[in-house]
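Each ligand, and each atom within it, is numbered from 1 in the order the structure gives. Heads up: numbering here begins at 1 and tracks the sequence. As the structure is a prediction and not an experimental result, all values here were calculated from the model.
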Amino acid sequence: MQSKLFDEADPDYCIRHELEDAALVEYPHALTGAVSAKYLQLMIGTLPWRQDTLRIAGKSIPVPRLQCWMGEKHAHYTYSGIQLMPIPWDATVLAIKHRVEILSGEQFNSVLLNYYRDGRDSVDWHADDEKELGPHPIIAAVSLGAERLFELKKKSPPGSGKYQISLTSGSLLVMGNSFQNRWLHRVPKVKNLELPRISLTFRQILTDIPPSLG
Ligand SMILES: O=C(O)CCC(=O)C(=O)O
Ligand SMILES: [Mn+2]
């Protein structure tokens with residue numbers, strides 16, 4: 001179920017996606033089309049994108065997208081066995097972070113950027129529930145480039161609660177409360193898509209992790 005808040009022409013306009021036991025808030029016009037197009041090209045051309053690999057059944061498999069981990073220097077992050085040390089904030093990314101913090105009312109000390117070079121790139125089903133993110137992670141994702149399908153399903157019972165959101169360039173999606181605990185998400189491959197997609201997923205890494213979560 002969706003409810004629309006504010007006027008559609010307003011950059012603060014948002015859509016609340018009510019899931020059964022969590023909520024996502026989408027700001028379709030967080031950045032203008034022109035600014036988003038400029039940022040997309042800047043980021044593709046200037047950020048030090050890394051090709052990570054996953055170790056699966058003794059084999060090294062390239063992650064099907066490029067990534068960049070950025071933020072404050074203590075914001076270390078590990079997922080799927082990949083250890084990430086942040087590079088310093090880039091000026092364009094900082095400008096986007098500022099906008100995201102105003103719209104969401106949340107603070108972030110790091111961002112995982114994903115560069116899907118074409119429709120062959122993707123991210124598979126997962127939840128961002130690593131202990132560094134605390135018990136109730138809030139993650140704010142900005143989309144740039146080609147329209148991005150964002151798919152959701154409940155962790156249990158398996159196969160329940162399927163949902164999808166189409167994210168356009170310049171949009172912001174704020175995932176809060178119990179979303180990462182109860183739902184999985186993915187960005188699937190897209191047939192015949194040659195255009196790039198980028199997401200900036202802003203996060204707050206905890207530096208003092210309570211012993212009960214460590
Ligand atoms: O590209 C996206 O919006 C999702 C990326 C993602 O799930 C992640 O970085 O954890
Ligand atoms: Mn994720």
Side-chain angles (χ1 to χ4, degrees), residues 15 17 19 22 24-28 30-31 36 39-40 43-44 47 49-54 62-71 75-84 86-87 93 96-97 100 103-104 106 108-134 136-155 162-190 193 195-205:
I15 302 168
H17 300 271
L19 306 175
L24 304 180
V25 182
E26 178 191 356
Y27 297 83
L31 305 174
S36 307
Y39 285 175
L40 175 76
M43 285 182 199
I44 289 175
L47 292 186
W49 296 103
R50 42 187 284 166
Q51 172 67 76
D52 288 310
T53 51
L54 293 172
V63 170
R65 61 192 177 280
L66 302 182
Q67 293 179 296
C68 188
W69 176 244
M70 187 181 291
H76 300 169
Y77 188 41
T78 303
Y79 80 94
S80 300
I82 299 172
Q83 289 191 346
L84 298 169
I87 61 166
V93 176
I96 299 176
K97 174 167 119 73
V100 166
L103 285 172
S104 67
E106 303 289 339
F108 301 98
N109 63 7
S110 49
V111 61
L112 181 62
L113 295 109
N114 299 288
Y115 173 19
Y116 308 88
R117 292 156 288 187
D118 57 31
R120 287 176 284 266
D121 279 349
S122 61
V123 64
D124 207 353
W125 289 114
H126 70 284
D128 299 294
D129 52 7
E130 293 79 16
K131 62 180 186 303
E132 298 95 310
L133 296 168
H136 299 287
I138 294 181
I139 299 183
V142 171
S143 296
L144 300 176
E147 193 164 314
R148 294 169 357 92
L149 201 56
F150 190 78
E151 296 188 332
L152 323 170
K153 66 177 180 185
K154 284 193 83 165
K155 284 186 184 177
K162 289 199 176 143
Y163 198 80
Q164 66 182 39
I165 303 175
S166 188
L167 297 171
T168 51
S169 195
S171 69
L172 164 66
L173 185 71
V174 183
M175 301 170 252
N177 298 329
S178 45
F179 178 69
Q180 302 295 340
N181 300 325
R182 299 185 180 159
W183 290 74
L184 301 172
H185 56 278
R186 76 168 179 176
V187 175
K189 297 184 193 307
V190 183
L193 175 68
L195 297 173
R197 298 164 286 169
I198 282 183
S199 67
L200 299 90
T201 61
F202 290 92
R203 296 150 196 253
Q204 182 70 22
I205 296 290

* Closest heavy-atom pair and its distance - Arg197, Val190 -> NH1-CG2, 3.7 Å

* Asked: For the Mn ion (ligand 2), which N, O or S atom of Asp128 is at the shortest distance?
  -> OD2

* Asked: Just one of Phe202, Tyr39, Tyr27 clears the side-chain contact (heavy atoms from CB on, under 4.5 Å) bar with Val142, so which one?
  -> Phe202

* Any Arg203 heavy atom less than 4.0 Å from ligand 1 -> yes

* Proximal ligand 1 atoms for Thr201, defined as those under 4.0 Å from one of its heavy atoms -> 9 (O)

* Structure fact -> Tightest non-hydrogen contact, residues Val174 and Ser104, listed as CG2-CB, 4.0 Å

* To do: Report yes or no: does a heavy atom of His126 sit under 4.0 Å from some atom of ligand 1?
  => yes

* Structure fact -> For Tyr116, the atoms of ligand 1 under 4.0 Å from one of its heavy atoms are 1 (O), 2 (C), 4 (C), 5 (C)

* For Leu112, counting its heavy atoms only, list the atoms of ligand 1 lying under 4.0 Å from any of them. => 9 (O)

* Structure fact -> In ligand 1, the atoms that come under 4.0 Å of a heavy atom of Asn114 are 5 (C), 8 (C), 9 (O)

* Minimum heavy-atom distance Arg50-Gln83, with the two atoms named -> NH2-O, 3.8 Å

* Looking only at heavy atoms, which two atoms of Pro188 and Leu149 are closest? And how far apart? -> CD-O, 3.4 Å

* Short list, please: which atoms of ligand 1 are under 4.0 Å from a heavy atom of Val187? -> 1 (O), 2 (C), 3 (O), 4 (C)

* Hey, does Arg148 sit under 4.0 Å from ligand 1 if you only count heavy atoms? -> yes

* Asked: For Gln51, does the CD atom have more than 12 heavy-atom neighbours from other residues, nucleotides or ligands under 6.0 Å away?
  -> yes

* Quick one: does Tyr79 get within less than 4.0 Å of ligand 1, heavy atoms only? -> no

* Structure fact -> The answer for which part of His185 has a heavy atom under 4.0 Å from ligand 1 is side chain

* Asked: How close do Phe108 and Ala140 get, heavy atom to heavy atom, and via which atoms?
  -> CZ-CB, 3.7 Å

* Structure fact -> In this structure, CZ of Phe150 is separated from CE of Met175 (nearest 0.5 Å) by 4.0 Å

* To do: Provide the number and element of each atom of ligand 1 under 4.0 Å from a heavy atom of Ser199.
  => 1 (O), 2 (C), 3 (O)

* To do: Heavy-atom contacts with Asp128 under 4.0 Å: which atoms of ligand 1 show up? List them by number with element.
  => 10 (O)

* Within 6.0 Å of NE2 in His136, more than 12 heavy atoms from elsewhere -> no

* To do: Round to 10° and report the angle made at the Mn ion (ligand 2) by NE2 of His126 and NE2 of His185.
  => 90°

